[in-house]
There are 2 protein chains.
Amino acid sequence: MSMKYSRQREMILNNLCSRTDHPTADELYIDLKESLPNLSLGTLYRNLALLSDNGTILKFHCGNSDRFDGNNNLHYHLICENCNRLYDIDHAPLTNLNTMFAEDYKGKINSHLLVFYGICEDCNCSV
Amino acid sequence: MSMKYSRQREMILNNLCSRTDHPTADELYIDLKESLPNLSLGTLYRNLALLSDNGTILKFHCGNSDRFDGNNNLHYHLICENCNRLYDIDHAPLTNLNTMFAEDYKGKINSHLLVFYGICEDCNCSV
DNA sequence: TATAATAACAGTAACGATTATCGTTATTGT
DNA sequence: ACAATAACGATAATCGTTACTGTTATTATA
C-alpha cells in the first residue's frame with residue numbers, strides 16, 4: 001500500500017508549510033477551498049492523518065481540536081489559555097530528555113512532547 | 001458562585017485519588033456506578049472539569065479521550081502508543097523550565113506539560 | 001500507449017466524547 | 001425555617017473526526 005501522488009495532498013501540505021499559524025483542520029479547509037473548491041473534509045482529515053503519521057507534519061491537541069504544524073524540526077510551543085491558539089517558542093532544543101527519562105524505565109521511550117501553557121503576546125497586550 | 005459540597009464530587013475525587021491508573025471519564029463512571037448507581041455522566045464530566053480547572057486533579061488528552069490523574073504533584077507521564085494508557089514515569093522534577101523558556105518570550109508562561117510517548121512496560125513484554 | 005490494480009477522491013452518513021438544557025434536589029448562609 | 005442557588009439526573013444536542021460508497025486518478029506492467 002505505497003502512497004500515490006495526489007494534487008490534494010500536495011496542496012494541503014503546501015498550504016500548511018507556507019503558514020506559521022498552526023491551523024486547525026477547519027481553518028485549513030476554509031483556506032484550501034479557494035484553490036480547491038470541491039475538496040472534501042474527509043480528504044483533508046485523511047491526508048492530515050497520513051502526513052502526521054509518517055512524520056511530515058506535527059499534530060497537537062489544543063482545547064477541543066487538533067492543530068497542525070508543517071515545520072517538523074525540533075522546536076517548542078505555547079498554547080494560549082486565552083485564545084487557544086498554538087505558537088512557536090524560540091529556544092534552543094533540549095537534548096537527551098528521552099534518554100534521561102529512559103534510564104529507569106522498563107518500557108520504551110520514542111519521543112516526547114513539551115508544551116507550555118500561558119498567555120500569548122497578543123492576548124497579553126490586549127487584556 | 002462558590003462551590004457547594006456534594007457527595008457525588010467527593011466520591012469522584014476519592015475514587016480517582018485511590019487509583020493510579022489514570023482512568024478516562026468512562027472508566028471512572030463504570031467504577032463509580034457501583035457505589036452511586038444513579039450517578040449521571042453529565043455530573044461526572046462537570047465535576048472532572050471543575051476539579052481540573054481548579055488544579056485539584058490533572059487532565060491529559062490521550063488518543064481520542066481524556067485521562068485524569070488524582071495526583072497533582074509535579075511528575076511526568078508516558079502515553080503508550082500501543083494501548084493508549086497513561087503511566088507515571090519516575091524521575092526527579094525538572095526545575096526552571098518555565099523561567100528558562102520565559103526569558104525571551106513576551107507573553108506569559110504559566111505551566112508546561114511534558115509527556116513522553118512510547119511503549120509501556122506491559123505492552124513492551126507482550127509484543 | 002492500452003490495461004489492470006488500487007490509492008485517493010467527493011459526498012455524505014455515522015460515531016463518540018463531551019457539553020448544554022431543564023426541571024428537581026440538596027446545601028448553605030441568614 | 002427559609003430563601004438563594006449550586007448541583008443533580010436525565011436526556012438532547014454539539015461538533016470534531018471517522019467510516020462508507022461509488023467514482024476518479026495514478027502508477028506499474030504488458
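Reckoned from all heavy atoms, side chains included, excluding hydrogens, waters and symmetry mates. Letters A, B, ... are given to chains in the order of the sequence lines, protein chains preceding strands, and every chain is numbered from 1.
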Just N and O in the side chain of B:Arg7: are any of them under 4.0 Å from OP1 or OP2 of C:dA26?
no
In whole angstrom, give the distance that lies between atom CE of A:Met11 and atom P of C:dA8.
18 Å
For B:Gly42 and for B:Arg9, find the nucleotide of DNA chain D with the closest heavy atom, then tell me which residue's nucleotide is more 5'.
B:Arg9
Under a 3.5 Å threshold, yes or no: a donor from one side chain and an acceptor from the other, between A:Gln8 and A:Asn47?
no
Flag, side chain of A:Tyr5 to backbone of A:Glu10, donor-acceptor distance under 3.5 Å
no
Counting distance only, does the side-chain N/O of B:His22 pair as donor-acceptor with the main-chain N or O of B:Leu86 below 3.5 Å?
yes
Please determine, by modelled atom types, if A:Asn54 and A:Thr56 share a side-chain donor-acceptor pair under 3.5 angstrom.
yes
What is the distance from CZ of B:Arg67 to P of C:dA17, rounded to the nearest Å?
11 Å
How many Å lie between CZ on B:Phe68 and P on C:dA17, as a whole number?
12 Å
Between C:dT25 (P) and B:Leu39 (CG): distance, integer Å:
18 Å
Among the candidates D:dA7, C:dG11, C:dA8, find the nucleotide nearest to the side-chain atoms of B:Ser6.
D:dA7
Below 4.0 angstrom from OP1 or OP2 of D:dA25, is there any side-chain N or O of A:Gln8?
no
With a cut-off of 6.0 Å (strictly less than), are more than 12 heavy atoms of other residues, nucleotides or ligands near CG of B:Asp90?
no
For A:Lys4 and D:dT26, what is the distance between atoms NZ and P respectively, to the nearest whole Å?
10 Å
List in chain and number order the residues that pass salt bridge (charged side-chain N to carboxylate O under 4.0 Å, His left out) with B:Glu27, two or more places apart in sequence or in another chain; answer none if no residue qualifies.
B:Arg67
To the nearest angstrom, the CD1-P distance between B:Ile12 and D:dA7 comes to 12 Å
When the distance from CG of A:Leu41 to P of D:dC20 is rounded to whole Å, what number comes out?
18 Å
To the nearest angstrom, the CD-P distance between A:Glu27 and D:dT17 comes to 11 Å
Tell me which residues in residues 43-66 of chain B lie within less than 4.0 Å of DNA chain C, going by non-hydrogen atoms.
B:Tyr45, B:Asn64, B:Ser65, B:Asp66
For DNA chain D, whose closest nucleotide is more 5', that of A:Ser40 or that of B:Tyr5?
B:Tyr5
Using ring centroids (six-membered ring only for Trp), state whether B:Phe60 and B:His77 fall under 6.0 Å.
yes
